[in-house]
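Only one structure is covered here, and it is reproduced in the block below.
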There are 2 protein chains.
Amino acid sequence: MTRPTLGRLVQESTAAIIASRLRKAIRDGELPAGAQLGEAQLARELGVSRGPLREGMQRLTQEGLVISIRNRGLFVVELTADDVRDVYVARSAVERAAAQLVLQRDVAAAADQLLAVVNEMRQAADDQRSDRVGDLDLEFHNVLVSLAGSPRLSRTHHTLLTETRMCINALQTTYPPPDERVPEHRAIAEALLLVDPGVVDRLIVTHMADAVTRLLTVVPPS
Amino acid sequence: MTRPTLGRLVQESTAAIIASRLRKAIRDGELPAGAQLGEAQLARELGVSRGPLREGMQRLTQEGLVISIRNRGLFVVELTADDVRDVYVARSAVERAAAQLVLQRDVAAAADQLLAVVNEMRQAADDQRSDRVGDLDLEFHNVLVSLAGSPRLSRTHHTLLTETRMCINALQTTYPPPDERVPEHRAIAEALLLVDPGVVDRLIVTHMADAVTRLLTVVPPS
DNA sequence: GCTCGTAGGATTGTCAACAATAGTGGCCAC
DNA sequence: GTGGCCACTATTGTTGACAATCCTACGAGC
């Protein structure tokens, strides 16, 4: 008998913890794109041996956040313009599907959670806290996909958000004005309440297309 | 200067090879669902040490094909009815997006490749080679997503096809008649030639829904 | 009879040493 | 001056051994 409230007590594997730490470091730009990751050094910094560290690295290479060249080393992936487009292609696929699933569930509760994020975003925008607006942007999409309740979509999406954040960091200098982004997200959240699949879908597609355009106007189109 | 024809010469990592081997073994049911994977034994069989083997395992756990319980061991994931549904939710997301991308590319060439697979499927069905029909079914969807040219969709899809195959293996006893499946795939391939996004999209959605229904009529609905 | 505590065995987690490989700089021949 | 050869160094790849943990079985105590 397992009570629903008491989740199973599992200690996640060391490799998972290491991967999680490094993922965060890559996401936040502490490990910049293209940087070589020396195993010995990273192992020292994390206080583990090279064995577990290499195991964690395998997870990141599987996700595509790190590329491994045999006998050369591990490097943080460098996202090209094509990669940026591809990230948003994949995000569109995942988030459109997630939104449709949300429409088949408790839409009202979902809209509540999303609007809460939007309101925080509004506040942050008013306070000129551009970086926090960015965090909440990602959080909005994270919540949206989580609400769909699909483990596989969530897992894929998690990696995609990490890559999205990498793009933003790389182009941090000029990022779009917050005042555009807040209403776009609010529109998506409110559209859910209409329970019209077509409207939600179109809004998401547009939202993604806009994001790519904004990101790539800075980068030379390859 | 790297010529397009001459791909970069890279030797893939040992962990990647091990993961690939095990993925195939899991896909084909040689390592049945729920089975514990003893590290020592597998390492012996593959002729490697436990280190590289564990690295390969991390990739599979990241993909969700294997679950790791600390100090207990690694187990091949057991797919529940909810998992089957989720696999097809994710496949729908990926393949619908892929199809839309294909429509923006060389549709004629794509349809050619897909129809070639369908014709082989027709032949196999006529020969009563049910297992080969199944292989070609997966091959069809693999080609479809490959043609989209999206690395991220392809990577996700690869895992999903492995899981699909696991489902089929688990329920191998009663699998749907080939004569239904061949025309369904042919319809999708031919719809591409119409260059009507709506038609293709609807066909894929239906195809996926049908597949789930077929798979779950055997399993007790949870 | 049931529970608790405890050895035994087996498996996983971690580590440090060894082997193999690629990059680097210098030297020599042409 | 250019190209080829060769040791040297640093890093990665692999291994076997050791430590920690869990499951099982068995016996003592209530």
Side-chain angles (χ1 to χ4, degrees), chain A residues 1-2 6-23 25-26 31-78, chain B residues 1-2 6-23 25-26 31-78:
Chain A
M1 215 255 276
T2 55
L6 269 63
R8 200 175 183 74
L9 177 59
V10 283
Q11 197 174 356
E12 55 183 345
S13 76
T14 311
I17 299 171
I18 292 173
S20 178
R21 283 269 197 102
L22 292 175
R23 197 181 292 114
I26 291 173
L31 298 174
Q36 178 165 10
L37 305 176
E39 295 180 358
Q41 184 190 345
L42 278 180
R44 266 197 309 274
E45 293 179 11
L46 292 173
V48 294
S49 180
R50 278 179 55 218
L53 183 107
R54 285 173 62 90
E55 291 175 18
M57 281 300 186
Q58 290 300 325
R59 294 194 171 214
L60 298 181
T61 52
Q62 177 64 28
E63 287 184 68
L65 297 176
V66 160
I67 60 175
S68 154
I69 305 178
R70 196 183 171 94
N71 290 317
R72 284 280 305 276
L74 299 152
F75 303 84
V76 180
V77 70
E78 290 184 279
Chain B
M1 214 259 272
T2 56
L6 269 63
R8 201 172 183 75
L9 177 60
V10 282
Q11 197 174 354
E12 55 182 345
S13 76
T14 311
I17 298 171
I18 292 172
S20 179
R21 282 269 198 101
L22 292 176
R23 196 182 292 115
I26 291 173
L31 298 174
Q36 177 165 10
L37 305 176
E39 296 180 356
Q41 183 189 348
L42 279 180
R44 267 197 309 274
E45 292 179 11
L46 292 173
V48 295
S49 182
R50 277 180 57 218
L53 182 107
R54 286 172 61 89
E55 290 176 18
M57 282 299 187
Q58 290 299 324
R59 293 195 171 214
L60 297 181
T61 50
Q62 178 64 28
E63 288 184 68
L65 297 177
V66 160
I67 60 175
S68 154
I69 305 179
R70 196 182 172 94
N71 290 318
R72 285 281 306 276
L74 299 153
F75 302 84
V76 180
V77 70
E78 290 184 281

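All values below come from the heavy atoms of this structure, side chains included, with hydrogens, waters and symmetry mates left out. Reminder, nothing fancy here: chain letters follow the sequence lines and each chain counts from 1.
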Nearest atoms (heavy-atom pairs only) where [X] meets [Y]:
X        : Y        : answer
Glu55(B) : Ala15(B) : CB-CB, 3.8 Å
Leu42(B) : Leu53(B) : CB-CD1, 3.8 Å
Thr14(B) : Pro52(B) : CG2-CB, 4.3 Å

Outermost nucleotides of DNA chain D that come under 4.0 Å of a non-hydrogen atom of chain A: dT12(D) to dT14(D)
Checking [X] now: which residues fulfil side chain to side chain contact (heavy atoms under 4.5 Å, CB included) with it, not counting sequence neighbours?
X        : value
Ala25(A) : Glu30(A), Leu31(A)
Ile17(A) : Glu12(A)
Thr61(B) : Arg59(A), Gln58(B), Val66(B), Ser68(B), Leu74(B)

Distance in Å, Arg72(B) CZ paired with Gln36(B) CD, rounded so as to fall on 0.5 Å steps: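 Result: 7.5 Å between the selected atoms.
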Separation between CE of Met57(A) and CD of Gln62(A), rounded to the nearest 0.5 Å: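 One finds 15.0 Å between CE of Met57(A) and CD of Gln62(A).
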Qualifying salt bridge (charged side-chain N to carboxylate O under 4.0 Å, His left out) pairs with a residue from residues 42-51 of chain B, counting only residues at least two apart or across chains: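 The answer is Glu39(B)-Arg50(B).
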Under 4.0 Å protein heavy-atom contact, by nucleotide of nucleotides 12-17 of chain C - B base, S sugar-phosphate only: BBBB--
Inter-end axis angle, the helix from dG1(C)-dC30(D) to dC30(C)-dG1(D), with every axis fitted to five base pairs (rounded, 10 degrees):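 The end-segment axes of the helix from dG1(C)-dC30(D) to dC30(C)-dG1(D) are tilted 0° relative to each other.
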For Arg21(A), side-chain hydrogen bond (donor to acceptor under 3.5 Å, both in side chains) partners two or more places apart: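 If we apply the side-chain hydrogen bond (donor to acceptor under 3.5 Å, both in side chains) test to Arg21(A), skipping adjacent residues, there are no hits.
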